Colleague: 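The following block contains the structure, expressed as structure tokens.
Residues: numbered from 1 along the sequence shown. Please read all numbers here as calculations on a predicted model, not as lab measurements.
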Amino acid sequence: MPPVAKKVPLERTHHGDTVVDEYAWLLKKDDPDTIAYLEAENAYTQEMTGHLQDLQENIFKEIKGRTLETDLSVPTRKGAWWYYSRTEEGKQYGIQCRVAADGDSPPHLEPGTPLPGEQVILDGNELAGDSPFFSMGTSAVSPDGTKLAYSTDFSGDERFTLRFKDLETGELLPDEIPGVFYGGAWSADGSTFFYTTVDEAWRPYRIHRHTLGSADNVVVYQEDDERFWVGIGLTRSQRYLVLTSGSKITSEVRILDADTPQGEFAVVRTRETGVEYALEHAGDRFLILHNDGAVNFELASAPIDDPGSWTPLIEHRDDTRLLDVDAFKDYVSVHFRRDGLTGVRILPGDGGEPYEISFPEPLYDVAPAGNAEFETSRLRLSYTSMVTPPSVYDYDLRSRELILLKQRAVLGGYDPADYEQFREWATAPDGTRIPISIVVRKDTSRPAPTLLYGYGSYESSIDPYFSVARLSLLDRGFVFAIATCAGAVRWAAGGTRTAS
């Protein structure tokens with residue numbers, strides 16, 4: 001065993017009780033005692049697992065052999081362009097590209113083969129150069145498609161430098177802003193960019209406005225309540241800038257017409273402890289997803305000139321948790337969770353009957369993803385299950401057909417028919433029924449060794465998903481199970497939020 005800590009423990013008082021932290025001294029990362037202790041832990045781990053080195057090497061080779069290194073994303077349409085990213089074998093970072101758009105059907109891409117007319121927007125490999133560390137923070141194209149805002153970090157401290165590129169000429173603009181956090185949003189005309197900065201505690205607390213070609217870097221909002229953080233975005237319709245201030249249980253939204261970036265943001269509804277809400281623009285109205293008197297959330301509509309006046313559109317249900325809403329010119333999609341599984345509900349804009357999209361497997365996880373265009377007849381979906389690799393579908397609103405665009409390749413002859421997935425239910429001490437998603441090779445003798453995983457605190461649920469690395473476990477006769485923990489289940493069932 002490694003040596004036991006001999007340092008003086010730290011005592012803290014919490015709600016009148018004394019809490020002793022025997023390892024608080026480890027916070028001093030450069031302390032010789034801390035380094036010595038960690039080295040002893042590593043040596044102990046090596047001693048206890050040294051006999052597994054051959055197995056570790058074999059499993060690593062299996063995982064690498066199943067992974068496709070040269071890959072690309074499915075193009076996403078925004079305005080007159082299809083946007084996508086691709087990777088090249090032997091290169092560490094992605095390459096952001098676009099080609100001219102023609103209709104709703106994305107162009108077919110082949111790994112390693114650029115499309116005719118391809119424009120490289122940003123090559124992470126060129127930006128990184130020989131730097132030992134490189135990370136992208138923001139990459140946002142202006143609404144008219146002529147400019148790119150992007151930020152880079154070469155030290156790993158998540159303090160990015162924001163720059164701007166003219167996509168018509170390929171030239172960098174002289175504007176350069178250091179110390180920027182993730183995210184950002186353009187004004188409608190592309191003349192102004194809004195960005196976020198953090199305080200000493202790394203909390204995003206300020207929204208700034210920068211006018212291209214000037215020294216204008218005005219703080220348009222500062223969040224002084226240390227429980228809250230801020231962010232900003234542009235609605236899919238490109239009509240409104242949305243500034244959100246949120247804590248763990250409370251949110252407050254401000255909006256500004258994106259055509260008037262020099263204007264003042266207006267509060268949608270003043271924050272109220274325990275009330276969370278989000279805003280989406282849907283043509284002649286706003287959509288508000290909120291939990292005011294609705295523990296599983298409710299979808300409401302609000303007039304453009306009175307966004308704080310909410311009228312129920314999808315009322316609260318005890319058995320369904322509303323997760324998100326996406327508005328488009330001719331329809332609205334609602335992402336939800338029911339019985340531990342996610343789903344998508346469609347609200348036609350022509351007044352037609354709402355309906356839910358059906359999927360063929362008993363276990364799966366689905367969510368709208370990559371839907372940048374407001375005027376479209378297709379809904380982009382990400383989909384996976386315990387046996388189905390991550391997949392990208394377009395759902396055609398006219399034909400109500402699911403169109404498979406891409407499924408992550410698994411090399412080495414993977415056949416989903418060799419495996420089976422199913423669900424069992426466990427009953428918690430308080431009576432809550434907990435769904436357990438299970439996957440196993442069909443030829444595995446049972447009972448078998450089982451790895452059970454679960455996490456559900458803070459309403460963060462682990463949904464059924466596919467894993468290349470997991471195949472090495474299943475092929476050695478293991479069963480893998482995911483328990484949707486009590487915190488997520490009770491919350492989705494309309495109960496009190498609990499920790500798992």
Colleague: Thinking salt bridges, do R337 and D463 make one under a 4.0 Å N-O criterion?
Modeller: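 Looking at R337 and D463, the cut-off is met.
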Colleague: Less than 4.0 Å between a side-chain N and a carboxylate O, is that true for R398 and D396?
Modeller: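 No, D396 and R398 are not salt-bridged.
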Colleague: For the residue pair Q56 / K61, report whether a side-chain donor-acceptor contact shorter than 3.5 Å exists.
Modeller: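 Per modelled atom types, K61 and Q56 side chains form no pair under 3.5 Å.
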Colleague: Hey, mind stepping through Y364 and Y383 against ring pair (Phe, Tyr, Trp, His ring centres under 6.0 Å) and telling me if it holds?
Modeller: CA-CA 7 Å; Y364 57 84; Y383 178 93; 5.8 Å; yes
Colleague: Salt bridge or not between E88 and R86? Use side-chain N to carboxylate O under 4.0 Å.
Modeller: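 Between R86 and E88 there is a salt bridge, with a charged N closer than 4.0 Å to a carboxylate O.
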Colleague: What's the verdict on side-chain hydrogen bond (donor to acceptor under 3.5 Å, both in side chains) for Y182 and E158, showing C-alpha distance, side-chain angles and the deciding distance?
Modeller: CA-CA 8 Å; Y182 296 97; E158 294 185 300; 2.7 Å; yes
Colleague: Just so I know, are the side chains of V180 and T196 near enough to count as touching, which here means a heavy-atom distance under 4.5 Å?
Modeller: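 No - every pair of side-chain heavy atoms lies 4.5 Å or more apart.
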Colleague: So for atom CZ, which belongs to F60, do other residues, nucleotides or ligands contribute more than 12 heavy atoms lying within a distance under 6.0 Å?
Modeller: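 Open.
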Colleague: Could you give the distance from CG (D394) to CG (L402), rounded to the nearest 0.5 Å?
Modeller: 9.5 Å
Colleague: Is there a side-chain contact between L471 and Y419, using heavy atoms and a 4.5 Å cut-off?
Modeller: yes
Colleague: Going by atom types only, do T211 and D216 share a side-chain donor-acceptor pair under 3.5 Å?
Modeller: yes
Colleague: Just do the side-chain hydrogen bond (donor to acceptor under 3.5 Å, both in side chains) check on R66 and S472 with the steps written out, would you?
Modeller: CA-CA 10 Å; R66 289 183 170 120; S472 293; 3.2 Å; yes
Colleague: Does atom CZ of R446 have more than 12 heavy-atom neighbours, drawn from other residues, nucleotides or ligands, at distances under 6.0 Å?
Modeller: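 Correct, the count exceeds 12.
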Colleague: With a 4.0 Å cut-off, would you call D104 and R378 a salt bridge?
Modeller: no
Colleague: Is any side-chain heavy atom of V366 closer than 4.5 Å to a side-chain heavy atom of F359?
Modeller: yes
Colleague: Cut-off 3.5 Å, side chains only: do S385 and E361 have a donor facing an acceptor?
Modeller: yes
Colleague: Tell me if the CG atom of D102 is crowded by more than 12 foreign heavy atoms within 6.0 Å.
Modeller: no
Colleague: Given the side-chain rings of F466 and Y414, with only the six-membered ring counted for Trp, is the space between their centroids under 6.0 Å?
Modeller: yes
Colleague: Give me the one residue out of F164, F194, W186, Y195 that meets ring pair (Phe, Tyr, Trp, His ring centres under 6.0 Å) with H210.
Modeller: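 Filter result, single survivor: F164.
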Colleague: Identify whether the distance between the nearest side-chain nitrogen and carboxylate oxygen of D418 and K442 falls below 4.0 Å.
Modeller: no
Colleague: Taking atom CG of D54 as the centre, does the number of heavy atoms from other residues, nucleotides or ligands within less than 6.0 Å exceed 12?
Modeller: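 Result for CG/D54: open.
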Colleague: Relative to F328, does R236 satisfy both conditions: NZ or CZ under 6.0 angstrom from the six-membered ring centre, and within 45 degrees of the ring's axis?
Modeller: yes
Colleague: May I ask you to say whether R345 pairs ionically with E356, meaning some side-chain N is under 4.0 Å from a carboxylate O?
Modeller: yes
Colleague: Taking the side chain from E276 and the backbone from S251, do they hold a donor-acceptor pair closer than 3.5 Å?
Modeller: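 Judged by distance alone, no pair lies under 3.5 Å.
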Colleague: Looking at Q92, I want to see if its CD is surrounded by more than 12 non-hydrogen atoms of other residues, nucleotides or ligands under 6.0 Å.
Modeller: no
Colleague: Let me confirm one number: the OG1-CE distance from T152 to M136, rounded to the nearest 0.5 Å.
Modeller: 7.0 Å
Colleague: Answer with yes or no whether the side chains of S139 and Q96 bring together a donor and an acceptor at under 3.5 Å.
Modeller: yes
Colleague: State whether E62 and R476 are salt-bridged, where the test is any N-O pair (Lys NZ or Arg NE/NH1/NH2 against Asp/Glu carboxylate O) under 4.0 Å.
Modeller: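 Yes, this pair counts.
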Colleague: Decide if atom CD of Q222 counts as having more than 12 heavy atoms of other residues, nucleotides or ligands within a radius under 6.0 Å.
Modeller: yes
Colleague: Answer with yes or no after comparing the ring centroid distance for F181 and F160 against a 6.0 Å cut-off, counting only values under it.
Modeller: no
Colleague: Does anything in residues 123-140 form a salt bridge (Lys or Arg N to Asp or Glu O under 4.0 Å)? List the pairs, not counting sequence neighbours.
Modeller: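 For residues 123-140: none.
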Colleague: Give a yes/no verdict on a cation-pi contact between R98 and Y83, requiring under 6.0 Å between NZ or CZ and the six-membered ring centre and an angle within 45° of the axis.
Modeller: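 So R98 doesn't make the cation-pi contact.
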